[in-house]
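Structure first, commentary second.
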Protein chains: 2
Amino acid sequence: MAATKDPRPCSIADTLALVGEKYSLLVLREVCLGNGRFDQLVRNTGAPRDILSARLRRLVEAGILTKRLYSERPQRFEYRPTQAGLELEPVLMTLKEWGDRHLRKGADLPMVVEHSCGGELVPVVTCKACGDPVRHEDLTAHPQAPGWNLAGPTAA
Amino acid sequence: MAATKDPRPCSIADTLALVGEKYSLLVLREVCLGNGRFDQLVRNTGAPRDILSARLRRLVEAGILTKRLYSERPQRFEYRPTQAGLELEPVLMTLKEWGDRHLRKGADLPMVVEHSCGGELVPVVTCKACGDPVRHEDLTAHPQAPGWNLAGPTAA
DNA sequence: GATGAGGGTTTGTTTTTCCAACTTAAAGGA
DNA sequence: TCCTTTAAGTTGGAAAAACAAACCCTCATC
């Protein structure tokens, strides 16, 4: 899926270049759930084996997953999230939240995540500085990259 | 890019089926920045015109964007986020945050977003119930879909 | 010594993507 | 009037990616 080279210098695009291809985020979902074995990933994501193999290589390369030997004889591997991989969980959570709200209208969720506070996890994105939930109207974007402004390249 | 049919019933997969294809989230980024015109989207996302055309159709269909006439003669259109589209911004923010931290180590960000509180926006995903920042260790997933548990299908 | 599990790779086909050129409709200038 | 430009796409053919099924290798077990 995702873009490889974005015209606009952008961390969203750069992140998507790593995890935006088809199946990558589903692989991450499974790995975060503890399902790191190849056959499990095939079953639970639906990815063709060759594609899965390519994605796993890429995610390991990117430092998002690690490949761990869990049996010497016979050699058997398992994939696990690195710290960087775990820090992508917020992306999964916000995707889940949107889907729960807009595609299922809150009813009959296929998966409920429980937070240690005892409640069902409903993730809310807040501003680190003030703690308030973030709304679109409260944001102002300031491009820093030379040659770019909000609307696009300045010297087109 | 993204998955169309996921074996595991999952809102993450369903959401990615709508916005997970290559360029879709970059289109949303631009549209949220106010850059909703076709040629702008071509320039700022790098999408081929035919692919962009297909993505826009899909996003409108999905209720994430609307197509608005901004000039009668000649007929000219512009795409804008719907409320549902705006509510996908948290996904963009978490992607940006990860990229800023892991791919740029915080220095020389190509884009800074200012929050109305006056500070630079650093998005933090918190639990709606308790307000605490969400950490992986604090989560427990409970699949609800019949025939599924954490590890996969129960009747494989 | 056959069977099966796990973790992939190979091969050939089908889909997508990509790119460049073309279209349509109108405005603006020479 | 004719020419060029802008905007928003569509079309057609070549290249890349995804897909599905079969295959391979190493062991373990029956």
Self-check item: Heavy-atom neighbours of B/Glu72 CD exceed 12 at 6.0 Å
Solution: no
Exercise. Just call it for A/Phe38: base, sugar-phosphate, or nothing, with non-hydrogen atoms closer than 4.0 Å on any strand.
Key: base
Quiz item: Where do A/Pro48 and A/Tyr23 come nearest, in terms of heavy atoms and distance?
Solution: CD-OH, 3.7 Å
Quiz item: Nearest of C/dA26, C/dC18, D/dC27 to any side-chain atom of B/Pro48?
Solution: C/dC18
Practice problem: Kindly say if B/Tyr23 contacts the phosphate of C/dT16, meaning a side-chain N or O under 4.0 Å from OP1 or OP2. | Solution: no
Exercise. Round to a whole Å and report the spacing from CZ of A/Arg68 to P of C/dG6.
Key: 17 Å
Exercise. Could you tell me whether the phosphate oxygens of D/dA7, OP1 or OP2, come under 4.0 Å of any side-chain nitrogen or oxygen in B/Tyr79?
Key: no
Quiz prompt | Donor-acceptor pair (no angle test) under 3.5 Å: A/Asp50 side chain, D/dA18 base | solution = no
Quiz item: Can you find a side chain N or O atom of B/Arg57 that sits less than 4.0 Å from OP1 or OP2 on D/dT10?
Solution: yes
Exercise. Only counting residues at least two apart or in another chain, list the ones meeting side chain to side chain donor-acceptor pair (under 3.5 Å) with B/Asp100.
Key: A/Ser11, B/Lys96
Quiz item: Quick one: A/Leu26 CG to D/dA18 P, roughly how many Å, whole number?
Solution: 14 Å
Exercise. Using whole Å, report how far CG of A/Leu65 lies from P of C/dG7.
Key: 15 Å
Self-check item: A/Arg55 side chain, from C-beta outward: closest of C/dT17, D/dA18, C/dT9
Solution: D/dA18
Quiz item: Is there a donor N/O on one and an acceptor N/O on the other, under 3.5 Å, for the side chain of B/Arg76 and the base of D/dA8?
Solution: no
Exercise. Indicate, yes or no, whether a donor-acceptor pair under 3.5 Å links the base of C/dG7 to the side chain of A/Arg49.
Key: yes
Quiz prompt | Phosphate-side-chain proximity, B/Ser53 and D/dA8, N/O vs OP1/OP2 below 4.0 Å | solution = no
Quiz item: Can you check the B/Phe77 CZ to C/dA26 P distance for me, whole Å?
Solution: 12 Å
Self-check item: Given DNA chain D, 5'-ward residue of the pair B/Lys67 and A/Gln75, judged by closest heavy atom
Solution: B/Lys67
Self-check item: Set of residues satisfying side chain to side chain donor-acceptor pair (under 3.5 Å) with respect to B/Asp132, sequence neighbours excluded
Solution: none
Quiz item: A/Arg43 CZ to C/dG7 C1': how many Å, rounded?
Solution: 12 Å
Quiz item: Please give, in whole Å, the distance from C/dA26 P to B/Glu72 CD?
Solution: 12 Å
Quiz prompt | Criterion side-chain contact (heavy atoms from CB on, under 4.5 Å) against A/Leu121, the qualifying member of A/Met93, A/Glu114, A/Glu97 | solution = A/Met93
Exercise. Using atom CG of B/Leu41 as one end and atom C1' of D/dT6 as the other, report the distance to the nearest whole Å.
Key: 16 Å
Quiz prompt | Spacing of B/Glu21 atom CD relative to D/dA18 atom P, expressed in whole Å | solution = 12 Å
